[in-house]
Amino acid sequence: MTRLLLLLLAGAPAIGAAQVPIASTALRFGIAYATATPTGTFGDVIAPPSGFATWAALPLSRTSPLGIRGEFSILTIPEERGNTILTPAIDLDVTIRSTVGFTGVGPRLETRLGPLVLAGAAMGGVSRFIVDVSGRLTSGPQVTSVTISESEQAVTAKGALDLYLPLHFGRQDAALGLSAGLDWLASSKVTAPRSGSFRLVENDRVALESDESAITMWGWRVGVGLFF
């Protein structure tokens, strides 16, 4: 990390002196490692997820600071294991695996600050929350496998702040560099289970029994960006 910071500090003056007209490029694209911190009631039941995000932005014209930004991201919630005593004679061991994805589009405003490109976007879209449960139901000597898979979609609003630092320049004003950003996401409610969120439907069958919660998260990402 120290070597990378020294490289950026050493290269920034040369990048600024190059005066490459990044604002004249027609397309921006980025892919990044992303992580998020759930907040509110969603944060009470979900551990911080991580994954990847990819985005693309298209200016209204080659010289316009205003454009359209689209994003697709998938974050995986850490696996949760737990044991629930459903009755004095029946207990359940489960493993919960969950993912939350986002797909959206919206306006984006971009500005230039020396060699840096700074942009903000507001997007509307859909989040998809997927829960996969596998486990073992034990009732005396009898052991039964348990499998539950659920998927929900939620209307979502997302804000994104993008920061781009070009490091390598190509033909026709193309530039490859570092991309980073901050995000805020809020959606309508979904069912977010935890290890104790199960009830016995029949002697050999269980079901999820969880409160609904809006998906609310803030996060950050870092990766590579390409302007061309």
Side-chain angles (χ1 to χ4, degrees), residues 22-23 25-60 64-78 97-113 116-132 150-165 177-194 210-228:
I22 294 176
T25 55
L27 182 65
R28 294 91 166 94
F29 174 79
I31 185 167
Y33 166 80
T35 185
T37 300
T39 62
T41 56
F42 193 64
D44 293 336
V45 296
I46 296 299
S50 61
F52 81 94
T54 181
W55 59 270
L58 180 67
L60 297 183
S64 174
L66 184 64
I68 301 295
R69 183 187 193 274
E71 179 181 315
F72 173 72
S73 61
I74 296 180
L75 303 182
T76 300
I77 298 165
R97 302 176 180 88
S98 306
T99 60
V100 55
F102 171 75
T103 303
V105 64
R108 177 179 185 268
L109 187 63
E110 178 182 296
T111 188
R112 182 82 176 266
L113 185 63
L116 300 176
V117 178
L118 183 66
M123 295 170 287
V126 175
S127 290
R128 187 174 185 185
F129 188 67
I130 300 174
V131 178
D132 291 309
E150 294 190 356
S151 175
E152 295 184 64
Q153 292 187 342
V155 177
T156 303
K158 185 172 187 177
L161 180 66
D162 297 325
L163 181 65
Y164 172 71
L165 176 64
L178 296 178
S179 176
L182 297 174
D183 302 310
W184 168 254
L185 182 147
S187 82
S188 55
K189 292 184 177 181
V190 297
T191 302
R194 57 179 118 190
S210 303
D211 294 332
E212 291 188 333
S213 171
I215 301 174
T216 53
M217 302 186 298
W218 67 268
W220 59 268
R221 54 194 147 78
V222 60
V224 296
L226 177 63
F227 281 34
F228 59 96

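When a residue number appears, it is its place in the shown sequence, counting from 1.
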Student: Is any side-chain heavy atom of Ser188 closer than 4.5 Å to a side-chain heavy atom of Val155?
Tutor: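 In contact.
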Student: Given Val190, which partner from the list Val131, Val100, Ile215 fulfils the side chain to side chain contact (heavy atoms under 4.5 Å, CB included) test?
Tutor: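 Single side chain to side chain contact (heavy atoms under 4.5 Å, CB included) partner of Val190 among Val131, Val100, Ile215: Ile215.
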Student: Stepwise, does the side-chain contact (heavy atoms from CB on, under 4.5 Å) test hold for Phe129 with Ser98?
Tutor: CA-CA 7 Å; Phe129 188 67; Ser98 306; 4.3 Å; yes
Student: With side chains defined as the heavy atoms from C-beta onward, is the minimum distance between Pro78 and Pro48 less than 4.5 Å?
Tutor: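 They are not in contact (no side-chain heavy atoms under 4.5 Å apart), so the answer is no.
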Student: CG of Leu27 to CZ of Phe227: how many Å apart, nearest 0.5 Å?
Tutor: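 Rounded to the nearest 0.5 Å, the CG-CZ separation comes to 9.0 Å.
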Student: Can you check whether Phe42's main-chain N or O pairs, donor with acceptor, with Ser213's side chain at less than 3.5 Å?
Tutor: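 Looks like yes, one N/O pair under 3.5 Å.
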Student: Measure across Pro49 and Thr35 and return the closest heavy-atom pair with its distance rounded to 0.1 Å.
Tutor: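 Scanning both residues, the minimum pair turns out to be O-OG1, 3.2 Å.
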Student: Does some side-chain heavy atom of Arg69 sit less than 4.5 Å from a side-chain heavy atom of Val105?
Tutor: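 Answer no - side chains too far apart.
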Student: Just by modelled atom types, is the Ala186 backbone N or O under 3.5 Å from a matching donor or acceptor in the Thr216 side chain?
Tutor: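 No; zero donor-acceptor contacts below 3.5 Å.
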Student: Charged N to carboxylate O under 4.0 angstrom, Lys189 versus Glu152?
Tutor: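 Glu152 and Lys189: not salt-bridged.
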Student: Please give me the minimum heavy-atom distance between Tyr164 and Gly177, naming the atom from each residue.
Tutor: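 Heavy atoms only, the tightest pair is OH-N, 3.5 Å.
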Student: Do the ring centers of Phe52 and Tyr33 come within less than 6.0 Å of each other?
Tutor: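 No, the ring of Phe52 stays outside the 6.0 Å limit from the ring of Tyr33, centre to centre.
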Student: Do the side chains of Glu71 and Lys158 get nearer than 4.5 Å, heavy atoms only?
Tutor: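 Of all side-chain heavy-atom pairs linking Glu71 with Lys158, at least one is under 4.5 Å.
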Student: If you define the side chain from C-beta out and look only at heavy atoms, does anything of Glu110 sit under 4.5 Å from Pro59?
Tutor: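 Answer no - side chains too far apart.
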Student: On a heavy-atom basis, which atom in Leu182 and which in Arg221 lie closest, and how many Å separate them?
Tutor: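 Leu182 and Arg221 have their closest heavy atoms at O-NH2, 3.9 Å.
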Student: Quick check for you: to the nearest 0.5 Å, what is the distance between Thr39 atom OG1 and Asp44 atom CG?
Tutor: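 Nearest 0.5 Å value for the OG1-CG distance: 9.5 Å.
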Student: Compare every heavy atom of Ala47 with every heavy atom of Ile77, then report the nearest pair and how far apart it is.
Tutor: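 Scanning both residues, the minimum pair turns out to be CG2-O, 3.9 Å.
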Student: State whether the side chain of Thr54 and the backbone N or O of Ile31 hold a donor-acceptor pair below 3.5 Å, judged by distance alone.
Tutor: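 Pair absent, no side-chain N/O of Thr54 close to backbone of Ile31.
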Student: How many angstroms lie between CG in Leu58 and CG in Leu60, if you round to the nearest 0.5 Å?
Tutor: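 Here the rounded value is 7.5 Å.
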Student: Once rounded to the nearest 0.5 Å, what's the spacing between atom OG of Ser73 and atom CG of Leu185?
Tutor: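 Taking OG in Ser73 and CG in Leu185, the distance rounds to 7.5 Å.
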Student: Would you sort out whether Leu116 and Leu163 count as a side-chain contact (heavy atoms from CB on, under 4.5 Å), showing the intermediate values?
Tutor: CA-CA 7 Å; Leu116 300 176; Leu163 181 65; 4.2 Å; yes
Student: Got Arg128 and Val126 here, is their nearest side-chain heavy-atom distance under 4.5 Å?
Tutor: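 In short, these two side chains do not touch, never coming nearer than 4.5 Å.
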Student: Would Thr37 and Trp220 count as a side-chain contact (heavy atoms from CB on, under 4.5 Å) here? Give the steps.
Tutor: CA-CA 9 Å; Thr37 300; Trp220 59 268; over 6 Å; no
Student: Does the side chain of Phe102 reach to within under 4.5 Å of the side chain of Thr156, using non-hydrogen atoms?
Tutor: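 Heavy-atom side-chain distance check passes, below 4.5 Å.
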Student: Do Met217 and Leu75 pass the side-chain contact (heavy atoms from CB on, under 4.5 Å) test, and can you show the C-alpha distance, the side-chain angles, and the key distance before you say yes or no?
Tutor: CA-CA 11 Å; Met217 302 186 298; Leu75 303 182; 4.2 Å; yes
Student: Are Arg108 and Met123 side-chain neighbours, meaning at least one heavy-atom pair lies under 4.5 Å?
Tutor: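 No. Closest side-chain heavy atoms not under 4.5 Å.
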